[in-house]
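Presented below is the structure to which this report refers.
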Amino acid sequence: MSPLCSDRSDQELFLAYKSPTGTGAVAAFEELLNRYQQKVLNFFYRLTFNKEVAEDLTQDTFTRLVQSAREYQPRAAFKTFLFSLARNAWSDYRRCEENRRKSVSLETKVGDDADAELKDFIKSDGPAPQEIVVQRENIGLLKKYLDNLSPEQRITLELCVFQELSYEEAGMILEIPLGTVKTRVSAAIMQIKKKMEIQINK
Amino acid sequence: MKCDKNYDLVSYLNNEVTTGERAEIEAHLLDCPDCRQEFAALKATIGRLKSIPPITPSPALKTRIMEQVSRFQPQPVHTLWFIPRFSYVPAWAVSVAVHLIIFAGLSIIFIRPVQKQQEKTISIRLAQRVEEEKKLLDSSPGLPLVAGEIKPEEREPAVQRPAGEDDIPTPLPDRIKRPIPEGIIVTRPVDGWKVKLKPVPDRDDKLLAHFNGRSNIKTRRELLQKYQAGDTEPAVKGGLNWLAQAQSPDGAWDGSRYGGRKEYQVALSSLSLLCFLADGHNHISGGAAAESRPERRDTYTALVNRGIKFLLAQQDSDGLVGPKTLNGKPARPNAEGGQAGSPALIGGDPVTYSGMRDKPVNYMYNHGLATLCLLEDYIMSRDPALERPVNQAVSFIISAQNANGGWGYTKGSPTAGDSSVTAWQIPSLKLAQTLGIGGAAESLEKAKNWLNSLTNADGFVGYSAPEQYPNGPYGLSAAGMSGQLFMDQSSSALSELQAHLLTKRLPHLQDEHPETESDFYYTYWGTLSMFLQGGKDWETWNKNTKQTLLKSQVRNGSYAGSWVPDDKWGYFGGRIYATSMAILSLQVYYRYPALTDGR
């Protein structure tokens, strides 16, 4: 039970964690973990749609947080700092994946597999004949739409729409100008909207 | 889209446009049906994306991370921790820093007394202002509870700020303009709270009379036995315990401390208070707690007192409880009533807008829930000090109703309104009508017609049009069903049909039924409506849902007693929302009267 921890802001908790006296440091960190674990996990989950990978990357991010605690400037918002680390973890992961894919056989037909998967999704979600037909979200399709975005659009959308960061914060995390954030988010949403409309009209 | 204006509606939706652009876009949206359609489509797109259910971390993840943390213990005390930081800083910077520190030290010594003096002046001025306002309040005629419409001249006159006072930092938020009515003063000694309840004038009314039962332990035991729900008591007790420790000293529940959103502080505080009210506590006396939880009686009375006091302090001169903008400053021109603002907390539209501070708040969730709190507390305490705030809050709900009978996020919102916001206004209006507050009955009638127009032949209730379900049809249908049952206080062929629909989608644990999503919104409205409806379907629902809730309560650690906000609205309401909605669902057996038992 640590009601004292709960009263503190993210920043206070993190400063308490890195404070030299070290009392309550672990508790403070735990509180931060409680606050952000799910957000970070779902950040990676929506980028990968793979829970296992998302958990590994979440662990990686918090490890980075511990290692780079010293670099944290109290001027920056804790959330921005944390997501910068998450973004770094994501970039490193993608680089590794890229290398791995290059070295692995070139026979895997990514496109075909994805299509088959899509068909499976549609099939499995079809309503039983006697069931009342109601508009129900097809989660598989939504994931597909996200998968079709460029990695840059996708991470920007993730930060601005799913994580509800401001465009300015997202720009700081991704180290890109505000205008670029704007363009990416708008383009991503427009693209998905178009796909949804095509799907409905099918 | 035929319109060639090409506005960046996505940025508008995300609240990332300048004030000028916003005004321009909003004006254009009113004129251009094409862009309105485009806007709705974009909003729906974001809404659908956000309906991807978040995953919950496996328990092992936390263990893994914490293990690593313990390996990376922060530096021991005796190391000179600050030295490495300066190692890459140029010498001039160190010099500047040292000078700044010296200067700061000197300023503490020399500037402090001046500041103190200033603070003192401010507090004196504030005290004077409160005095003045008190006089104004005393001189205005007291409103009888059955007052009907409040005439504008009966309202408190706006208090003019003395010239030049604007430059002084005000320690109180701008909107706390009203002195707290007598009787809601938290410093009153505990003995002074034991005020006798006034007799309930309309004792014949089953709905009002039922509130007496909340504070009667025998009634509760009978009801729990009747519904075979005795096992819910420890869970409710644990939940209340957790909520109690989460209350801030000012009486509010700050959602942002527990993963919720700041702008819904009033709604989250109200949801929490509703749990304590359902447990039989009001701001004056302990009620059921006197017998069931004697150790908690005074604590919870004081807690409700603080909470109600907080809500009253949030009420403005129009009766609205809660801020219109996030920082409490008046809404900017064109901002109020705009569709883009903040997201709906519960149900409604999941689109979120980031970076909002002086942006408008979608306040009707806040207000609807706060009004329900004030009404329930009034009915239970009969404290005359609540008469005026209650009247004004109800009047605000009535005045915010759209012509079609629904409510939107804000008063005069350009959209049609939605069934989710509407559902939260109905219980308040029903209680107001029962108390005889003028205008409530007509308002309910209009709401009823509108809800009917949203309902399709299968019994599903749409969001702002029939068969429109941005987040699936079940949550909205449960909310709509509750609304109808609550205002009619009787079941119908429609509610029978709906009860049957809801049993097709029983709330399950996601671990056990991976195909279901955890959804406290649906659980709350479903449980309330099924309880009101009664019958076989309710038995099925109750058996299942009670177990689901009991199993998902956090048992250990600092969150023991709470519920994990892992549902689709968890990002908005956080743990306070999840916990209060779960507790209210478990209190359903004694919170309101069932419609079936011999009416």
Side-chain angles (χ1 to χ4, degrees), chain A residues 1-3 5-7 17-22 25-26 29-31 33-35 37-39 41-42 45-46 51 54-55 58-59 62-63 66-67 69-70 132 134-137 139 142-143 145-146 157 160-170 181-182 185-186 189-190 192-193 196-197, chain B residues 8-11 13-16 41-42 44-46 48-58 60-62 64-66 68-70 72-77 79 81-82 84-85 245-246 257-259 351-355 458 460 467-469 471-473 501 557-560 566 570-571:
Chain A
M1 188 82 193
S2 51
C5 283
S6 323
D7 284 335
Y17 167 69
K18 51 183 269 199
S19 111
T21 55
V26 173
F29 192 91
E30 194 174 353
E31 179 72 19
L33 184 61
N34 287 340
R35 287 185 194 178
Q37 154 171 264
Q38 193 168 5
K39 283 187 178 141
L41 177 69
N42 279 289
Y45 177 66
R46 279 183 297 258
K51 186 169 177 178
E55 293 213 333
T58 305
Q59 185 179 354
F62 280 98
T63 310
V66 170
Q67 289 165 342
R70 196 177 277 179
I132 311 154
V134 289
Q135 188 186 329
R136 218 187 120 211
E137 218 40 277
I139 303 297
L142 294 177
K143 290 180 177 176
Y145 297 146
L146 288 178
L157 186 76
C160 296
V161 171
F162 290 98
Q163 300 290 344
E164 298 158 8
L165 293 167
S166 70
Y167 284 14
E168 197 187 340
E169 288 168 318
V181 177
K182 217 173 215 186
V185 174
S186 296
I189 297 285
M190 296 301 277
I192 293 176
K193 194 199 90 175
M196 281 180 181
E197 281 164 355
Chain B
D8 187 356
L9 292 174
V10 175
S11 298
L13 267 166
N14 281 331
N15 242 11
E16 294 282 356
L42 288 170
T45 304
I46 299 179
R48 286 181 63 187
L49 279 178
K50 296 211 61 160
S51 72
I52 297 175
I55 54 169
T56 38
S58 54
L61 178 63
K62 190 172 164 184
R64 263 157 64 192
I65 295 173
M66 288 313 290
Q68 271 183 324
V69 174
S70 53
F72 260 92
Q73 273 297 314
Q75 306 83 339
V77 192
T79 55
W81 59 277
F82 51 87
R85 286 191 191 184
Q245 62 80 37
R257 267 171 55 194
Y258 297 97
V351 178
T352 56
Y353 307 96
S354 45
D458 297 322
F460 285 117
E467 317 223 321
Q468 183 198 30
Y469 315 113
N471 295 289
L501 281 181
S558 48
Y559 291 127
D566 58 356
Y571 278 174

Over all heavy atoms of both residues, which pair between [X] and [Y] is shortest? Give the atoms and the distance, please.
X         : Y         : value
Ile46(B)  : Val161(A) : CG2-CG1, 3.8 Å
Lys193(A) : Ala41(B)  : CD-CB, 3.9 Å
Ile139(A) : Pro53(B)  : CD1-CD, 3.6 Å
Thr56(B)  : Lys51(A)  : O-NZ, 2.9 Å
Leu49(B)  : Phe162(A) : O-CE2, 3.4 Å
Met66(B)  : Phe29(A)  : SD-CD2, 4.0 Å

How long is the span from the [atom1] atom in [X] to the [atom2] atom in [Y], to the nearest 0.5 Å?
X         : Y         : atom1 : atom2 : answer
Leu42(B)  : Ser186(A) : CG    : OG    : 8.5 Å
Leu142(A) : Thr45(B)  : CG    : OG1   : 10.0 Å
Leu41(A)  : Leu61(B)  : CG    : CG    : 6.5 Å

With chain B, which of Arg46(A), Gln38(A), Lys39(A), Glu55(A) has the greatest number of heavy-atom pairs at distances under 4.5 Å?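 So the answer, after comparing Arg46(A), Gln38(A), Lys39(A), Glu55(A), is Glu55(A).
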CA sep, side-chain torsions, deciding dist, call: Lys62(B), Asn34(A), side chain to side chain contact (heavy atoms under 4.5 Å, CB included): CA-CA 8 Å; Lys62(B) 190 172 164 184; Asn34(A) 287 340; 2.8 Å; yes
Which portion of Ile189(A) sits near chain B, non-hydrogen atoms under 4.5 angstrom: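 Both the backbone and the side chain of Ile189(A) come within 4.5 Å of chain B.
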